[in-house]
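Note on naming: letters A, B, ... go to the chains in the order of the sequence lines (proteins, then strands), and numbering restarts at 1 for each one.
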Amino acid sequence: EPEVTQTPSHQVTQMGQEVILRCVPISNHLYFYWYRQILGQKVEFLVSFYNNEISEKSEIFDDQFSVERPDGSNFTLKIRSTKLEDSAMYFCASTDIGYEQYFGPGTRLTVT
Amino acid sequence: DQQVKQNSPSLSVQEGRISILNCDYTNSMFDYFLWYKKYPAEGPTFLISISSIKDKNEDGRFTVFLNKSAKHLSLHIVPSQPGDSAVYFCAAIIQGAQKLVFGQGTRLTINP
């Protein structure tokens, strides 16, 4: 069964550093998403991406964040200058035309 | 942001009995609802969904009920099995929008 994959599974970085989280969505899916879950809190929407552009973003997704689909398979989330409060699980998701979004296993980002 | 609420942080059920997980929402614009299951160190896995034009959807052991007037939905699992032990998230989406809005999750434990 096709699945969303994410790398790395765990990323440790120092405050102020840039990180890139990578995702390979399901191959025939058209819509791509990033969510995050801070420990003990809800899963929160960050951004959606369709047809090579951002289609919706949350208040969390400020100028420090960017997304890119550099080729036909990868989808990345970049945080330019990480803060302590960026520490969270980051989930990538994708879907075709339905509402059911399929999630990857997540990347645990630890900012020290 | 409390648009989707799961008021029970945990639930313990005996194997073979029925598990009932509840979810309330406040935004009447939501018109599609989903349940996700999450194991530790994994991403949310789509389980079952329901459109606001229906009041029930069934898939094997899983049934979701929607009461629009009460802004309430529930997930029934029968019979419950040990492998059902996980955190269950309720999520909602507005047609045409991109983001899923999640509840806080309910940890379900199935006791042998």
Worksheet item: Are the side chain of B:K99 and the backbone of A:Y33 linked by a donor-acceptor contact shorter than 3.5 Å?
Response: no

Assigning hydrophobic clusters by single linkage (Ile, Leu, Val, Met, Phe, Trp, Tyr; side-chain heavy-atom cutoff under 4.5 Å), is [X] placed with [Y]?
X     : Y      : value
A:Y90 : A:I26  : no
B:V64 : B:F62  : yes
B:I48 : B:F102 : no
B:V13 : B:V87  : no
A:Y35 : A:V67  : no

Worksheet entry | salt bridge (charged side-chain N to carboxylate O under 4.0 Å, His left out) partners of residues 8-35 of chain B, not counting sequence neighbours, each pair once | none

Worksheet item: Do the side chains of B:K38 and A:Q37 get nearer than 4.5 Å, heavy atoms only?
Response: yes

Given heavy-atom pairs under 4.5 angstrom as the criterion, report whether the side chain, backbone, both or neither of [X] touches chain A.
X      : answer
B:A97  : both
B:E42  : backbone
B:F89  : side chain
B:Q95  : both
B:L100 : both

Worksheet item: Residues in salt bridge (Lys or Arg N to Asp or Glu O under 4.0 Å) with B:R61, at least two apart?
Response: B:D84

Fill in: chain B-proximal positions within residues 99-112 of chain A [heavy-atom distance under 4.5 Å]
A:Y99, A:E100, A:Q101, A:Y102, A:F103, A:G104, A:P105

Discussion item. Taking 4.5 Å as the heavy-atom cut-off, does anything in residues 43-61 of chain A contact chain B, and if so which residues?
Written reply: A:V43, A:F45, A:S48, A:S55, A:E56

Discussion item. How about CG on A:L84, more than 12 heavy atoms from neighbouring residues, nucleotides or ligands closer than 6.0 Å, or not?
Written reply: yes

Worksheet entry | A:D63 atom CG, neighbour heavy-atom count above 12 within 6.0 Å | no

